[in-house]
Structures are given as C-alpha cells and as structure tokens.
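To start, the structure under review is shown below, and the notes come after it.
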Amino acid sequence: MNRRFLVALCVILVVIAPVRLFAQEEVTLAELAQRIVELAERVGSIEALFTSPAHARDLDGDHCLLGMNKAIRNEAFLKFKRQWGYWPDEDQIRIHYVTFSRQSGHMHIVYQWSDGWPYTRVDEVWDGCTFLYATDWYTVE
C-alpha cells in the first residue's frame, strides 16, 4: 500500500496541483488527502482485475475447463509487458502444449507468442482447477 500511496501522491501532485495553481484556487491538505485515497482505491480496483483469484470454468462439478486459446491469465499477459516493455498481440498467443507433473500434481499450460523466431513462451501452473502462478516469459530457439 505504501508504494501505491507514493505513486498516487506523485500523480496527484504532478497532475492536479499545477491545474489548481493555474486556476488560482487553494487546495487544502484534507482535499488532497481525500483525492489520494480515492485514486488509491481506483488503482486498487484496477489491480484487482489483473490479480484476482483464479477461477477455472466449472463444467459439471467434477471437471473444469482450464486452458483455451485466447484465455491466457491476466497475470501472464502483464508479465510480458513488464519483461519486454510492450503488449503482445493477443491473437498471436496460442497454447503450445500441456504437461502434468506426477511429482507435484500440477498441470502446466504452456502458451506461446509467435511473432517470429525465437518463440516466446510462458507457463501457467495449475493445481487441479486452481491457478497457482505464471512463470516469467522465456525464449525458445
């Protein structure tokens, strides 16, 4: 929360403060604090969309649908942006293969972004119908 608070404070100071000064209006500390709280709540809501608890589509109580083309988890999609600095074309992300680890009991859905050579991949790791995590993206030659 401290990091989000500092980011929100910087955004407020950079965006709102000059506008207020230009308009020759006074901004009280209480108003500024309220705006920061509101902005932090909005940022938290947006983050929740991308880091919400995983849920697979339940088919019949005993089975769940985990992986589909264009169903990559938001966490994996965001990791691409963080690692490579731009958004991948979602239409070019496909399931490359699925593995099951007998040792851990986890399912790995390997997605591949195919915008040329070398290929870029990410693994989503599932425990039954529960999403655990996404690996960092890696290249395969």
Kindly indicate whether the side chain of [X], heavy atoms from C-beta on, has any atom under 4.5 Å from the side chain of [Y].
X: Val98; Y: Met107; result: yes
X: Arg121; Y: Tyr97; result: yes
X: Arg73; Y: Trp126; result: yes

N/O donor-acceptor pair under 3.5 Å between Gln83 side chain and Phe80 backbone:
no
If you look only at pairs with a residue in residues 96-106, which of them pass as a salt bridge (charged side-chain N to carboxylate O under 4.0 Å, His left out), with sequence neighbours excluded?
none
Measure across Pro88 and Phe77 and return the closest heavy-atom pair with its distance rounded to 0.1 Å.
CG-CE1, 3.5 Å
Which pair of non-hydrogen atoms, one from Gly105 and one from Asp127, has the smallest distance, and what is that distance?
O-OD1, 4.2 Å
Only counting residues at least two apart or in another chain, list the ones meeting side chain to side chain donor-acceptor pair (under 3.5 Å) with [X].
X: Gln34; result: Glu38
X: Thr139; result: none
X: Tyr138; result: Asp123

How far does [atom1] of [X] sit from [atom2] of [Y], to the nearest 0.5 angstrom?
X: His108; Y: Leu132; atom1: NE2; atom2: CG; result: 8.5 Å
X: Arg94; Y: His96; atom1: CZ; atom2: NE2; result: 13.5 Å
X: Glu75; Y: Glu124; atom1: CD; atom2: CD; result: 8.0 Å
X: Asp91; Y: Trp113; atom1: CG; atom2: CH2; result: 12.5 Å
X: Ile93; Y: Ile72; atom1: CD1; atom2: CD1; result: 4.5 Å
X: Tyr133; Y: His106; atom1: OH; atom2: NE2; result: 7.5 Å

I'd like to know if Phe100 and Phe131 are part of one continuous hydrophobic network [Ile/Leu/Val/Met/Phe/Trp/Tyr, side-chain heavy atoms within less than 4.5 Å].
yes
Partner residues of Asp136 under the salt bridge (Lys or Arg N to Asp or Glu O under 4.0 Å) criterion, sequence neighbours left out:
Lys79
